Number of protein chains: 2
Amino acid sequence: MSRRERLRAETTREITAIALKQLATEGPGGLSLRGIAREMGMTARAIYSYFATRDELVTALIRDVSTSLANALETAVHAVPAGDPGAGLLAWGEALREWALANPEGFRLIYGDAVPGYQPPEDGPADQAARRICGGLNRLVAAACPPAAASADSARAGTADWSPFPPSYVAKVRAEVPDLAPEVAALALRVWGRMHGLVGLEIHGHLRPVYTDPAALYRAELRELVRSLTTPTG
Amino acid sequence: MSRRERLRAETTREITAIALKQLATEGPGGLSLRGIAREMGMTARAIYSYFATRDELVTALIRDVSTSLANALETAVHAVPAGDPGAGLLAWGEALREWALANPEGFRLIYGDAVPGYQPPEDGPADQAARRICGGLNRLVAAACPPAAASADSARAGTADWSPFPPSYVAKVRAEVPDLAPEVAALALRVWGRMHGLVGLEIHGHLRPVYTDPAALYRAELRELVRSLTTPTG
DNA sequence: TGTCAGAAGTACACGGCGTTTCCGATTTAC
DNA sequence: GTAAATCGGAAACGCCGTGTACTTCTGACA
């Protein structure tokens, strides 16, 4: 890597770092190329040497932030004994909320629409990280969920085959978890949604005005979730 | 109401209507006083006779949209026989998703951060509607949930008293549902979160890339939710 | 019916934004 | 040592929300 490339990479990193900081301090929508340039002692034009447009910068930010989330989730799961999938799910869920609370602007960037006019590119920027996240959750749900429970669940839900999944997703998921059953994949999506719900409400400020201890509420929901997954429901 | 007042009210309505339309067509962040004024054939400054600031307009929009959501939910519940709380919950949940799909920009306005620099006033604009929404859900959960189930749930969750609820919320909720138990109120929040999760993921575009039939997924989750509420869990 | 306070609305300005065009300076590569 | 590629600055365009100053019109009251 030549000197020029090194400098370029470093400047790129500095730009994204300042962008994330501005997102965190100024709140969503506080992202501005001019603001970044000002903080770097440059003209706004200079940034266009690194990112062709503001959306491209946002795309890079989303990629970075998603990777950070995926790392946090994997770290949390790995810190738990592998033989206890229920504990793994609990750890995953708690890590999701804790990461979101520690990086609210990141959470909004991925799961809300923090940047006004942004349109993500066709192959989503967070695709690679999203695959890691989904893969990890699929593995956990598959391990935690007795086949009977998933089957009973799928019989009720009518989700016993891969047909509702886009082929690209099926390929990705099966590459990560080869023997995954479609009903478990569908169940994992619902588990994801269940965790996402309370975290999203809390991050967007709709929970604290009505409940002062969101952590307890979330923990209760997680425990109930794991219990319902690991207990055959008949 | 004098002629002047009538004209004023009509212009106010026209402003909010165009604002909502712009939000829907231009996407979040497409809201601009200048754009509204242009469409009305006025100067941007003219709008300041009706809304002192852009945030005030957004506040009015949020109030209108929240009212619309509350209406949709209440209508859906009233269309179901009162004696079947499970069916009421299903209807409520389906109505939530359907309203969100029909008014994605409204959903983002309330539950995401659709408008960049907006800071809601201390007494939230959607407060009145939020009270109706929470009240309705609390009623449904209370009716659907056998006391034993709620108690067992609260024993696990440690939510057997009103202490984690802000006093203002307790007052509002008890005014709507006088004999509500705190464990049911907490459970209702979790139910809310559970519904919100999948809907939020879908509205923000995270579900369709991985599952082509979000309606079925959501229905399965709703059914399982109602089943777990109405079935004592021991 | 005439008058006049106040409301509605315009013209213009300010600073900030993303983005573009043009151009000078610096560094790399042959 | 020179040619090419890259980096970055100055200024401009057309947006945006908002403030000031001024005109026009309306409606209530004498």
Side-chain angles (χ1 to χ4, degrees), chain A residues 1-16 18-23 25-62 109 113-121, chain B residues 1-16 18-23 25-62 109 113-121:
Chain A
M1 187 152 82
S2 75
R3 166 181 162 76
R4 196 169 238 167
E5 284 170 320
R6 228 180 326 115
L7 284 178
R8 185 180 178 82
E10 193 166 325
T11 306
T12 306
R13 254 194 306 278
E14 187 182 353
I15 292 176
T16 55
I18 293 183
L20 280 178
K21 202 183 71 184
Q22 290 207 344
L23 223 48
T25 46
E26 309 293 325
L31 189 65
S32 101
L33 296 187
R34 287 183 126 103
I36 296 169
R38 217 179 300 125
E39 186 153 344
M40 294 180 68
M42 293 196 319
T43 317
R45 174 63 186 83
I47 299 190
Y48 283 81
S49 305
Y50 300 89
F51 299 95
T53 173
R54 196 194 56 148
D55 278 18
E56 202 168 286
L57 169 59
V58 173
T59 300
L61 292 181
I62 291 182
L109 203 56
D113 13 53
V115 181
Y118 176 69
Q119 286 289 40
Chain B
M1 188 151 79
S2 76
R3 166 179 162 76
R4 201 170 237 167
E5 283 171 320
R6 228 180 325 114
L7 285 179
R8 186 181 177 82
E10 194 166 324
T11 307
T12 306
R13 254 193 306 276
E14 188 183 353
I15 292 175
T16 56
I18 294 183
L20 279 177
K21 202 183 71 182
Q22 289 208 344
L23 222 47
T25 46
E26 309 293 325
L31 189 66
S32 97
L33 295 189
R34 287 184 125 101
I36 296 170
R38 218 178 299 123
E39 187 153 344
M40 294 180 67
M42 294 197 318
T43 317
R45 186 62 186 81
I47 300 192
Y48 283 81
S49 305
Y50 299 88
F51 298 95
T53 172
R54 195 194 59 149
D55 278 17
E56 202 168 286
L57 169 59
V58 173
T59 300
L61 292 180
I62 292 183
L109 203 55
D113 13 53
V115 182
Y118 176 69
Q119 285 289 39

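Please read these numbers as outputs of a predicted model, since none were measured by experiment. In what follows, chains are A, B, ... by sequence order, proteins preceding strands, each numbered from 1.
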**Request:** Report yes if at least one side-chain N or O of B:S32 is closer than 4.0 Å to OP1 or OP2 of D:dC16; otherwise report no.
**Result:**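 Looking at the OP1 and OP2 atoms of D:dC16, one of them is under 4.0 Å from a side-chain N or O of B:S32.
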Any residue meeting side chain to side chain contact (heavy atoms under 4.5 Å, CB included) with [X], in chain and number order, not counting sequence neighbours:
| X | answer |
| --- | --- |
| A:R4 | A:S2 |
| B:L20 | B:L61, B:V65 |
| B:T11 | B:I15, B:M40, B:Y50 |

**Request:** Indicate for each nucleotide in nucleotides 20-29 of chain C, in 5' to 3' sequence, whether protein heavy atoms under 4.0 Å reach the base (B), only the sugar-phosphate (S), or nothing (-).
**Result:** BB-----BS-
Taking atom [atom2] of [N] as reference, at what distance in whole Å does atom [atom1] of [X] sit?
| X | N | atom1 | atom2 | answer |
| --- | --- | --- | --- | --- |
| B:E39 | D:dC15 | CD | P | 16 Å |
| B:M42 | D:dT23 | CE | P | 21 Å |
| B:E10 | C:dA7 | CD | C1' | 17 Å |
| B:Q22 | D:dC15 | CD | C1' | 13 Å |
| B:R34 | C:dC12 | CZ | C1' | 11 Å |
| A:I47 | D:dA10 | CD1 | C1' | 16 Å |
| A:E56 | C:dG18 | CD | C1' | 14 Å |
| A:F51 | D:dC7 | CZ | P | 12 Å |

**Request:** Could you grab the distance from atom OG1 of A:T43 to atom OH of A:Y48, nearest 0.5 Å is fine?
**Result:**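 With rounding to 0.5 Å, OG1 (A:T43) is 12.5 Å from OH (A:Y48).
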**Request:** Identify which nucleotide among C:dA7, C:dG18, D:dC15 has an atom closest to any side-chain atom of B:R38, counting heavy atoms from C-beta outward.
**Result:**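 Nucleotide nearest to B:R38's side chain: D:dC15.
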**Message:** Heavy atoms from C-beta onward define the side chain here; which of D:dA10, C:dT10, C:dG18 lies closest to that of B:A46?
**Reply:**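 For the B:A46 side chain, the nearest candidate turns out to be C:dT10.
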**Prompt:** Starting at the 5' end of DNA chain D, which residue's closest nucleotide do you reach first, B:R54 or A:T43?
**Reply:**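 Nearer the 5' end of the strand: A:T43.
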**Message:** Any non-hydrogen side-chain atom of B:T12 less than 4.5 Å from a side-chain atom of B:F51?
**Reply:**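 In contact.
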**Message:** Restricting to salt bridge (Lys or Arg N to Asp or Glu O under 4.0 Å), what partner residues turn up for A:E56, sequence neighbours left out?
**Reply:**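 A:E56 satisfies salt bridge (Lys or Arg N to Asp or Glu O under 4.0 Å) with no residue once adjacent residues are dropped.
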**Request:** Kindly write out the residues that satisfy salt bridge (Lys or Arg N to Asp or Glu O under 4.0 Å) with A:E26, not counting sequence neighbours, or none if the list is empty.
**Result:**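 For A:E26, no residue satisfies salt bridge (Lys or Arg N to Asp or Glu O under 4.0 Å) once neighbours in sequence are set aside.
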**Request:** Pick base, sugar-phosphate or nothing for A:T53, based on heavy-atom distances below 4.0 Å to the nucleic acid.
**Result:**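 Since only primed, P, OP1 and OP2 atoms lie under 4.0 Å of A:T53, the category is sugar-phosphate.
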**Message:** What's B:I36 touching, base or sugar-phosphate or nothing? Going by heavy atoms closer than 4.0 Å.
**Reply:**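 Here B:I36 touches no strand at all.
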